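Reviewing the structure listed below.
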2 protein chains.
Amino acid sequence: MEDLIKILQSKNIHPSHQRIKILEILENNEDHMNVNMIYEELLKEIPTISKTTVYNTLSTFAEKGLVHCLTITPEEMRYDYRAKPHHHLLCTQCGRIIDVDVQCPYADVMEIDGHRIEEIQGYFKGTCRECLSHDKAQIIK
Amino acid sequence: MEDLIKILQSKNIHPSHQRIKILEILENNEDHMNVNMIYEELLKEIPTISKTTVYNTLSTFAEKGLVHCLTITPEEMRYDYRAKPHHHLLCTQCGRIIDVDVQCPYADVMEIDGHRIEEIQGYFKGTCRECLSHDKAQIIK
DNA sequence: TATTAATTTATAATTATTATAACTATGGAA
DNA sequence: TTCCATAGTTATAATAATTATAAATTAATA
Ligand SMILES: [Mn+2]
Ligand SMILES: [Mn+2]
Ligand SMILES: [Zn+2]
Ligand SMILES: [Zn+2]
């Protein structure tokens, strides 16, 4: 709680009740949540929360570099709250978005082909480990 | 024209008038168009074209592997009609989506960390070469 | 030709996101 | 304390991409 407030303050974000709770949800969830998932979680603790606040807060967080926005799913924005940059796998079977720790050779590159690079997003699509082993178990059965 | 028909047939897509024209537009445009851009172009030649047809056609094309879907812009899907896979830069200044020919070390990898990989999308965000040089010219002025 | 299937179109519905304005809490000046 | 400015939140409406549905058209087939 105190930690969350400090994190917000370190990014010059006024630590309101709503913002603290949103950050807490992001911390407690390994997933890459969308606005609705966060909203549903929030409702349990702040029944009066507005979805607009979730949108506003997340866009503030993104501006200040507290979260990263993922466009890996075409439907809606996903939010990532992990410090160091990494790539992602979207499992087409279970729909999960999974961190992939492959070292990107361009991670520290600031310039490619004359273009200035400020951000890198690596998206993989396929079938996750768990779905694969589940499939295998199904076949045996 | 004949070429376009052959391309469609090779992918088992019936070469209707609409589909041929959509493929033609994709061929003649270096950009990574969205549905509306394609629709606007089509209107010049087929004034009765329906936007639903554009959606249907592009999703057929994507299924058959004739185009690739890019989610680099959060707002809407972009379509890429270039044979060999490559990465992309979104210029935050001019909004263009530019092909980036960096060799991805995972290009031929079928498996990472136990997950099966079927597709890779590399998105860079920053400022394109042209906008950078334009900026520089502005400063001098 | 008559019938069937494939494709296209018009239209409505859905859904994520943004815009707008009203409301509320907060922290200082008077 | 009271007044006021501001930031933050909420309710509500608007926007825009996409999908769903069913009718209309075209092409294929018997
Ligand atoms: Mn992640
Ligand atoms: Mn491209
Ligand atoms: Zn999975
Ligand atoms: Zn540019």
Side-chain angles (χ1 to χ4, degrees), chain A residues 4-5 8-9 11-25 32-64 66-80 90 95 97, chain B residues 4-5 8-9 11-25 32-64 66-80 90 95 97:
Chain A
L4 297 173
I5 291 173
L8 290 171
Q9 283 170 339
K11 298 279 181 178
N12 285 313
I13 302 168
H14 182 81
S16 69
H17 181 50
Q18 286 84 342
R19 285 168 178 170
I20 293 166
K21 285 294 167 194
I22 290 174
L23 186 57
E24 189 175 45
I25 288 169
H32 301 82
M33 306 176 93
N34 62 23
V35 164
N36 218 47
M37 292 166 180
I38 295 166
Y39 175 69
E40 292 293 337
E41 279 297 306
L42 277 170
L43 277 180
K44 298 175 188 169
E45 302 200 59
I46 313 175
T48 59
I49 192 79
S50 154
K51 206 174 269 189
T52 306
T53 299
V54 185
Y55 276 104
N56 290 340
T57 301
L58 287 168
S59 90
T60 301
F61 284 9
E63 267 171 33
K64 305 288 174 129
L66 205 50
V67 296
H68 287 111
C69 300
L70 308 184
T71 57
I72 193 168
T73 54
E75 301 83 27
E76 84 286 280
M77 191 70 82
R78 299 293 189 127
Y79 295 89
D80 192 341
L90 173 64
I97 295 167
Chain B
L4 298 173
I5 292 173
L8 289 170
Q9 284 169 339
K11 296 280 182 177
N12 285 313
I13 302 169
H14 182 82
S16 70
H17 181 50
Q18 286 84 341
R19 285 169 178 168
I20 292 166
K21 284 295 168 193
I22 290 174
L23 186 56
E24 189 175 45
I25 288 170
H32 301 83
M33 306 176 92
N34 62 24
V35 163
N36 217 47
M37 292 165 180
I38 294 166
Y39 175 70
E40 293 292 335
E41 279 297 307
L42 277 169
L43 277 180
K44 297 175 188 169
E45 303 199 60
I46 313 174
T48 59
I49 192 79
S50 154
K51 205 174 269 188
T52 307
T53 300
V54 185
Y55 275 103
N56 290 340
T57 301
L58 287 168
S59 91
T60 301
F61 284 8
E63 269 172 33
K64 305 286 175 134
L66 204 50
V67 296
H68 287 112
C69 299
L70 307 184
T71 57
I72 193 168
T73 53
E75 300 83 27
E76 84 285 281
M77 191 69 82
R78 299 293 189 127
Y79 295 89
D80 191 340
L90 173 64
I97 296 167

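Quick note: numbers below take in every heavy atom, side chains included, and nothing from hydrogens, waters or symmetry partners. All figures in this text were calculated on a predicted structure; none of them were measured in a lab. We name chains A, B, ... by the order of the sequence lines, and we start the count at 1 in each one.
Under the side chain to side chain contact (heavy atoms under 4.5 Å, CB included) criterion, B:Gln18 pairs with B:Ser16, B:Ile46, B:Ile49, B:Thr53, not counting sequence neighbours.
Heavy atoms only, all atoms of each residue included: A:Ile20 and A:Ile5 are closest at CD1-CG1, 3.6 Å. Looking at every heavy atom in both residues, B:Asn12 comes nearest to B:Lys64 through O-NZ, 3.5 Å.
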Write down the protein N/O and nucleotide N/O pairs, taken from nucleotides 3-5 of chain C, whose separation is under 3.5 Å; answer none if there are no such pairs.
none

Would you tabulate the nitrogen or oxygen pairs shorter than 3.5 Å linking the protein to nucleotides 14-21 of chain D?
| unit_1 | atom_1 | unit_2 | atom_2 | d |
| --- | --- | --- | --- | --- |
| D:dT18 | OP1 | B:Met77 | N | 2.9 |
| D:dT18 | OP2 | B:Tyr55 | OH | 2.9 |

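Ranking D:dA11, C:dT7, D:dG8 by closeness to the A:Ser16 side chain, first place goes to D:dG8.
Atom CD1 of A:Ile72 and atom P of C:dA16 are 18 Å apart (whole Å). Counting to the nearest Å, the P atom of C:dT7 and the CD atom of B:Glu63 are 12 Å from each other. The interatomic distance linking A:Asn56 (CG) with C:dT18 (P) rounds to 10 Å, in whole Å. Computed from coordinates, the B:Arg19 CZ to D:dT26 P distance equals 15 Å when rounded to whole Å. Atom CD in A:Glu40 sits roughly 13 Å away from atom P in C:dT15 (whole-Å rounding). Remark: C1' of C:dT9 and CG of B:Leu42 are 14 Å apart, rounded to the nearest angstrom. Atom CG of A:Leu58 is separated from atom C1' of C:dT18 by 14 Å (rounded to the nearest Å). Taking atom NE2 of residue B:His14 and atom C1' of nucleotide D:dA28, one finds them 9 Å apart after rounding to whole Å.
Each of B:Leu70, B:Leu90, B:Ile72 was checked for a side-chain contact (heavy atoms from CB on, under 4.5 Å) with B:His32, and the lone residue meeting it is B:Leu70.
For the atom pair CG of B:Leu43 and NZ of B:Lys51, the computed distance is 8.5 Å after rounding to the nearest 0.5 Å. If you take CD on A:Glu45 and CD1 on A:Ile25, they are separated by 6.5 Å, rounding to the nearest 0.5 Å. The OH atom of A:Tyr79 lies 10.5 Å from the OG1 atom of A:Thr57; values are rounded to the nearest 0.5 Å.
For the pair A:Ser50 and D:dT9, the criterion of a side-chain N or O lying under 4.0 Å from OP1 or OP2 is not met. Side-chain N/O atoms of A:Thr48 include one lying less than 4.0 angstrom from OP1 or OP2 on D:dT10. A close approach under 4.0 Å does occur between a side-chain nitrogen or oxygen of A:Gln18 and OP1 or OP2 of D:dT10.
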Apply side-chain contact (heavy atoms from CB on, under 4.5 Å) to A:Leu23 and A:Leu66, showing your working.
CA-CA 9 Å; A:Leu23 186 57; A:Leu66 205 50; 4.2 Å; yes
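A distance-only check finds a donor-acceptor pair linking the side chain of B:Ser50 to the backbone of B:Thr52 [under 3.5 Å].
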